[in-house]
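To find a chain, count down the sequence lines: A is the first, B the second, and so on, and within it residues start at 1.
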Amino acid sequence: MTKRSPWQRTHTCGELGLPDEGKDTGVNGWIENHRHHGQIVFLDLRDRYGVTQVVVDQDAAGTAPGTFELVRRLGAEDVISVAGRVRARGSNVNKNRSTGEIEVVALAVTVLGEAETPPFEILDKAEANEELRMQYRYLDLRRRPLQEALMKRARFVTAVRNYLQGQRFIDIETPILTKSTPEGARDYLVPSRVHPGKFFALPQSPQIFKQLCMVGGLDRYYQIARCFRDEDLRADRQPEFTQIDLEMAFVEEHDVLDVVEGMMVHSMREGFGIDLPQPFPRFDFAEAMDKYGCDKPDLRFGMLLVDCTDLAGRSDFKVFAGAVAAGGIVKGLCAEGAADKYSRKGIDELTAFVTGLGARGLAWAKVTAAGLEGSLAKFYEGDKGRELCARMGAKPGDLLLFVADEQKVVHRALGDLRLKVGSQLGLRDPKVFRCCWVLNFPMFEWNDEKARWQFAHNPFSAPVDWSIQDFSVDTANLRSRAYDFVMNGWELGSGSIRIHRPELQAKVFDFLGIGKEQQRANFGFLLDAYRYGGPPHGGIALGVDRVVTLALGREGIRDVIAFPKTAMAFDLMAEAPSPVGDEQLKELSIATTVKKPG
RNA sequence: GGGGGCGUAGCUCAAUUGGUUAGAGUACCGGACUGUCGAUCCGGUGGUUGCGGGUUCGACCCCCGUCGCCCUCGCCA
């Protein structure tokens, strides 16, 4: 016979209810709260499933001797095991708690782990600052919001795996110790002991390996992949992060998009109970820029950018006419019903906002039954005003906002202004989720600093024009078969149909000034692979951390990662990175240029 | 790499803009209390004001440096 453990658990702290009345039970957990009343003590016992009230009554019959005295000494975060009996709480029900109709009358209590006073209180609403909570992450993990995030995250990822498995995808692990390439983000390097002076790099993504899986005939690959990039951090960026990475052979854009759309609809519902409206609209990059001023449209609200360049060019308003004459454009936003929501001061603030983004100013007008009011009014009286309103789709009570400048500046300013005004008007409901695709991104972009063209997306994205001969002709307007997945104005995924012919791939590298030797050194194995029969293929990678953050309405991805790092890429709990001993360095043939270690 | 914000009991914050004993809530400790549920009531412990230097009769407050955290621009193919 197996000996019964003193902390045998029969129920969790979240599952007991009225139907369990009278049952003998064993529950384990952390003391969340304790209330002492002289001859009766109440404990709120917490585990990851919930909270149950435990009562210890000094006079109760059947209680193990010494139990009351023991319980009186217990405090917050002590870990205990309670053997007892479920009792209905009668008229003392706690309606704020799912287990509030019952309590466990303790017959015996075992202390499993004593807790010192924790450095901060374990509360649903985090009151301690994040620095402290990261240092004691294992305590922060006891908080319900963090547990909820991790549990839902796991449910979401499981749904993704199930869905992809059902679509014939194969989960394939790719190397963590891999090859450094100078293009792209800075690599995290790992020294090789047996190859002195040589280094592995941690993968920025499994990009090349997944493409080689396609050459390998594996057809449909996926991986929940950890990726590493040594760049400066943000609220939505960590040095290591997780992607749903997938690749498919013999496909066009719509094949990839359809699979991901199905996967997201399924997994968002399974993981978070969120139903995504379908289909996800598909925008051409140019259309997204034209209508939303950015390549990641927030579709939760309208307020599209409207082109008024032709009207503005004929205007007496010098700012408009001048901008058009200089080859610029004029676009506007119509904020429906917002005229009385913006005071002069409020509009000044919007003006400061757009000038901060490089615009020279913000022209505005409030629409009334009688015509326009505001900085534009005197240039748009009578028919001209009516014409402008018709173009903008404006009616009395609306607020019109315009920026005149070169196209890039107008889009930047109005794109961001649209989001700001949308937020101020409450149009960006965090409980509403709208997805879309943006396709046909530019192939290259000009890097001013380096004074040369560089990849806009990644070096393996195929050009839309398959038969292109010369990338130097009309370079800025060349489109690639790259696409982004966007939710609520957040880029969650990015992918493309790839180049699968070695000569075309080499031609792209040639154009970007990557010499043959460097091509061989960095990508030789990929170019070689294609010489042995590479299938057409494409894929995508989606940021898991971002999806979860957005779905749960959290502030940043640190809130959905069990052990995150700070903005300085430091692990406050483990205190990593840390200095290592001279012996270790010597073995790796490494000397540092840092004077004082540590 | 640049810009901004923050750093005061274990925790969250205050300190009349340079003024003499650095306060409050909470946590913690002790006491009272048999139905609480962020219990209540009474009492108590608790401070290198991030660190180093400077100005001043006097610094939590001003100056310089430094460390850390957060946000942001650059960066992130």
Lys/Arg N to Asp/Glu carboxylate O, A:Glu103 vs A:Arg87, below 4.0 Å: yes
Nearest-Å distance once atom P is located in both B:rC6 and B:rG10: 23 Å
From B:rC69, B:rC28, B:rC37, nucleotide with atom closest to A:Leu572 side chain: B:rC69
base_contact_polar (B:rG10 base, A:Arg133 side chain, donor-acceptor, <3.5 Å): no
Closest to side chain of A:Ala235, choosing from B:rC28, B:rU36, B:rC71: B:rC71
Distance-only polar pair, side chains of A:Arg35 and A:Gln53, donor-acceptor under 3.5 Å: yes
Rounded distance (Å) that lies between atom P of B:rC70 and atom CZ of A:Arg554: 18 Å
Residue closer to the 5' end of RNA chain B, A:Leu132 versus A:Gln39 (nearest nucleotide): A:Leu132
Ring-on-base stacking B:rU36 with A:Phe42 (under 5.5 Å, under 30°): yes
Pairwise P distance, B:rG1 and B:rC61 [rounded to whole Å]: 28 Å
Nucleotide paired to B:rU34 in any strand shown, Watson-Crick or G-U, under 3.5 Å: none
Value in whole Å for how far the P atom of B:rU72 lies from CG of A:Leu419: 14 Å
Of residues 49-59 of chain A, the positions that come close to RNA chain B - non-hydrogen atoms, cut-off under 4.0 Å: A:Gln53, A:Asp57, A:Asp59
Touch class at under 4.0 angstrom, heavy-atom based, for A:Leu233 against every strand present: nothing
Ionic contact status for A:Lys345 with A:Asp348, cut-off 4.0 Å: no
5'-most by nearest nucleotide on RNA chain B - A:Arg546 or A:Thr566: A:Thr566
Any strand: nucleotide that pairs with B:rC11 via Watson-Crick or wobble, under 3.5 Å: B:rG25
B:rG46 and B:rA24, which share atom name C1', separated by this distance in whole Å: 14 Å
Same-atom distance (C1') from B:rU17 to B:rC71, integer angstrom: 27 Å
Sugar-phosphate only, base, or nothing, as touched by A:Pro119 at under 4.0 Å among non-hydrogen atoms: sugar-phosphate
base_contact_polar (B:rC76 base, A:Arg237 side chain, donor-acceptor, <3.5 Å): yes
G-U wobble or Watson-Crick pairing nucleotide for B:rC75 (cut-off 3.5 Å, both distances): none
Nucleotide nearest A:Arg35 (side chain, heavy atoms from C-beta), chosen from B:rC75, B:rC70, B:rC37: B:rC37
Pair partner, B:rC61 [Watson-Crick or wobble, under 3.5 Å]: none
Base B:rG35 to side chain A:Glu103, donor-acceptor N/O within 3.5 Å cut-off: yes
Counterpart base for B:rU55, defined by Watson-Crick or G-U wobble contacts under 3.5 Å: none
Heavy-atom donor-acceptor pair, A:Asp232 side-chain to B:rG74 base, under 3.5 Å: yes
C1'-based separation of B:rA9 from B:rU49 [nearest Å]: 10 Å
Short side-chain donor-acceptor distance under 3.5 Å, A:Ser480 and A:Ser461: no
Out of B:rC69, B:rC76, B:rC11, whichever nucleotide has its closest atom nearest the side chain of A:Met568: B:rC69
Integer-rounded Å distance: B:rG25 C1' and A:Leu123 CG: 14 Å
Nearest-nucleotide pick for A:His34, side chain only, options being B:rG35, B:rC75, B:rC28: B:rC28
Side-chain N,O (A:Arg72) to OP1/OP2 (B:rA32) below 4.0 Å: no
Under-4.0 Å side-chain N/O to phosphate OP1/OP2 contact, A:Thr117 with B:rA27: no
Distance in angstrom units between A:Ile31 CD1 and B:rG38 P, rounded: 17 Å
A:His36 side-chain N/O to B:rC29 phosphate OP1/OP2 under 4.0 Å: no
Mate of B:rG18 where both pairing distances stay under 3.5 Å, Watson-Crick or G-U: none
C1'-based separation of B:rU40 from B:rC13 [nearest Å]: 24 Å
Touch class at under 4.0 angstrom, heavy-atom based, for A:Arg73 against every strand present: nothing
C1' spacing across the pair B:rG4 / B:rG74, given as an integer number of angstrom: 15 Å
Side-chain N,O (A:Asn129) to OP1/OP2 (B:rU12) below 4.0 Å: yes
A:Ser81 versus A:Asn28, side-chain donor and acceptor atoms under 3.5 Å: yes
Syn/anti state of B:rU20 by chi, 90° boundary around 0: anti
Gap between atoms CD and C1', on A:Glu130 and B:rC11 respectively (whole Å): 16 Å
Centroid-centroid under 6.0 Å between A:Tyr292 and A:Phe283 rings: yes
Close aromatic pair by centroid cut-off 6.0 Å: A:His34 and A:Phe42: no
Identified salt bridge (Lys or Arg N to Asp or Glu O under 4.0 Å) partner of A:Arg142 from the options A:Glu121, A:Glu77, A:Glu148: A:Glu77
Polar side-chain contact A:Arg89-B:rU36 base: donor and acceptor under 3.5 Å: yes
Geometric class of the A:Tyr530/A:His537 ring pair [parallel <30°, tilted 30-60°, perpendicular >60°]: tilted
Interatomic distance at P, B:rU20 relative to B:rA59, whole Å: 12 Å
Counter-base of B:rC6, judged by Watson-Crick or G-U geometry with both distances under 3.5 Å: B:rG68
Options B:rU26, B:rC37, B:rC33, nucleotide nearest the side-chain atoms of A:Arg97: B:rC37
A:Phe228 and A:Phe241 aromatic centres sub-6.0 Å: no
Pair A:Phe523 and A:Phe509, ring centroids less than 6.0 Å apart: yes
Sugar-phosphate, base or nothing in reach of A:Arg234, heavy atoms under 4.0 Å: base
